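Note sheet for the following structure.
Just so we're clear, the structure is a prediction, and the values are computed from it rather than from any experiment.
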Amino acid sequence: VKVKIPFGNKYLDAIFSVPEKKSTYGVILTHGAGGDMNFPHLLSLATYLASRGVLCLRFTCKGLNVAYRTKAFKTVVEYLKLSDDYKLYGVFLAGRSMGSRAAASLIRQLSQNDDDDDDFIRGLICLSYPLHRPKLQSKLRDEDLLFISCPVLFVSGSADEMCEKQLLEGVASKMKAPKKIHWIDKANHGMAVKGRTTDDVMEEINAQVFSWLKENVELEHK
């Protein structure tokens, strides 16, 4: 289902992947610095989740400024929260690369608004989180991650030139949030692995995301 979400004096293009049965949880998904909501990885994940009962809303925001992307993400969250068509108990924010930075930044912002007793956001999914620029490991983009308290899933390639394995594991050990890292063996930042098809890699990523979502939703209902 295609929708246009009002954002300032513009609109954000978005698409709902709707499960057959009524969904109680959703995932909001956005792309990295390049591409848009129809980036193959996002499309694959959205389809996979919807076929397993999770509503997925993916959107395009082309800005290359993280603060702008964060603002757009906030608008989409509010839109879904107020939606009459889809009544959800909660959502997980997910992004690829720069999109995951925007998601992390938004969760930190919302958690710092003391008047915001909002448990609508249940967790964060970071696909290829860009922890540092290529070859610039001294400057880590970890400030938002250290402030987050909701569950976080990282899915990263072990050969990601923007997320060195030891550095992410070091950041994760300092995080107060419950977190899990799933390494895609030998994958680069774009999740390409020599000798494996894109579909094969995506199947692994999608299955990881879904099983993590299921764990985190089940924990709440116990």
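Taking all atoms of both residues into account, the shortest heavy-atom contact from Ile148 to Ala104 is CD1-O, 3.7 Å. Considering all non-hydrogen atoms of both residues, Met191 and Val155 come closest at CE-O, 3.3 Å. Residues Gln137 and Glu164 come closest through the heavy atom pair NE2-OE1, 3.0 Å. Gly123 and Ile107 make their closest contact through O-CD1, 4.0 Å (heavy atoms, listed as atom of the first residue, atom of the second, distance). In terms of heavy atoms, Phe59 sits closest to Ala14 at CB-CB, 3.8 Å. Across all non-hydrogen atoms, the minimal contact from Gly99 to Phe73 is O-CE1, 3.9 Å.
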Please test Leu57 against Val27 for side chain to side chain contact (heavy atoms under 4.5 Å, CB included), starting from the C-alpha separation and ending with a verdict.
CA-CA 6 Å; Leu57 172 59; Val27 171; over 6 Å; no

Thr47 vs Asn206, side chain to side chain contact (heavy atoms under 4.5 Å, CB included): CA-CA, chis, key distance, verdict
CA-CA 10 Å; Thr47 308; Asn206 297 345; over 6 Å; no

For His132 and Leu167: C-alpha separation, side-chain torsions, deciding distance, then whether side chain to side chain contact (heavy atoms under 4.5 Å, CB included) applies.
CA-CA 9 Å; His132 51 78; Leu167 292 177; 3.8 Å; yes

Passes side chain to side chain contact (heavy atoms under 4.5 Å, CB included), Arg122 versus Asn216? Steps please.
CA-CA 8 Å; Arg122 300 302 170 95; Asn216 281 286; over 6 Å; no

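Exactly one of Asp13, Asn38, Thr30 qualifies for a side chain to side chain donor-acceptor pair (under 3.5 Å) with Arg58. That residue is Asn38.
Atom CZ of Arg133 sits in a sparse spot, with 12 or fewer heavy atoms from other residues, nucleotides or ligands closer than 6.0 Å. No more than 12 heavy atoms of other residues, nucleotides or ligands sit less than 6.0 Å from atom NZ of Lys21. The environment of Glu143 atom CD is dense: over 12 non-hydrogen atoms of other residues, nucleotides or ligands sit within 6.0 angstrom.
We find the CG-OG distance between Leu168 and Ser158 to be 12.0 Å, quoted to the nearest 0.5 Å. Rounding to the nearest 0.5 angstrom, the gap separating the OG atom in Ser44 from the CD1 atom in Ile205 is 8.0 Å. Note that NZ of Lys81 and CG of Leu88 are 12.0 Å apart. Values are rounded to the nearest 0.5 Å. Note that CG of Leu131 and NZ of Lys139 are 14.0 Å apart. Values are rounded to the nearest 0.5 Å. Atom CG of Leu49 and atom CD1 of Ile125 lie 7.0 Å apart (nearest 0.5 Å). Between the CD atom of Glu203 and the OG1 atom of Thr198 there is a distance of 13.0 Å, given to the nearest 0.5 Å.
Side-chain atoms of Thr60 and Lys62, non-hydrogen and from C-beta on, do get closer than 4.5 Å to each other. In this structure the side chain of Lys194 never reaches within 4.5 angstrom of the side chain of Lys186, judged on heavy atoms. Between Val3 and Tyr79, the closest side-chain pair of non-hydrogen atoms falls below 4.5 Å. Side-chain contact between Val217 and Phe92 is present, with at least one heavy-atom pair separated by less than 4.5 Å. Using a 4.5 Å cut-off on side-chain heavy atoms (C-beta onward), Phe120 and Leu110 make no contact. Using a 4.5 Å heavy-atom threshold, the side chains of Cys56 and Leu45 count as separate. Put simply, the side chain of Leu55 reaches to within 4.5 Å of the side chain of Pro19, judged on heavy atoms. When side chains are defined from C-beta on, Glu161 counts as touching Asn188, because their heavy atoms get closer than 4.5 Å.
Remark: the backbone N or O of Pro130 is not paired with any side-chain donor or acceptor of Ser97 at under 3.5 angstrom. Here the side chain of Arg101 pairs no donor or acceptor atom with the backbone of Arg69 at under 3.5 angstrom. Of the possible donor and acceptor atoms, one in the side chain of Thr70 sits under 3.5 Å from a partner among the backbone N and O of Val66. At distances below 3.5 Å, at least one donor-acceptor pair connects side-chain atoms of Tyr129 with backbone N or O atoms of Arg141.
Hydrophobic clustering, with ILVMFWY side chains joined whenever heavy atoms are under 4.5 angstrom apart, keeps Tyr11 apart from Ile15. At a threshold of 4.5 Å between side-chain heavy atoms, the hydrophobic network of Ile, Leu, Val, Met, Phe, Trp and Tyr places Val91 and Met37 in two separate groups. Linking ILVMFWY residues whenever their side-chain heavy atoms come closer than 4.5 Å, directly or via other members, places Leu106 and Leu12 in the same cluster. The cluster map of Ile, Leu, Val, Met, Phe, Trp and Tyr, joined by side-chain heavy atoms under 4.5 Å apart, puts Phe39 and Val209 in the same cluster. Note on Leu213 and Leu29: same hydrophobic cluster, where clusters join Ile, Leu, Val, Met, Phe, Trp and Tyr whose side-chain heavy atoms are under 4.5 Å apart, directly or indirectly.
Every pair tested for salt bridge (Lys or Arg N to Asp or Glu O under 4.0 Å) that includes a residue from residues 166-182 fails, sequence neighbours excluded, so the list is empty.
Classification of Arg196 and Asp199 as a salt-bridged pair fails, no side-chain N sitting under 4.0 Å from a carboxylate O.
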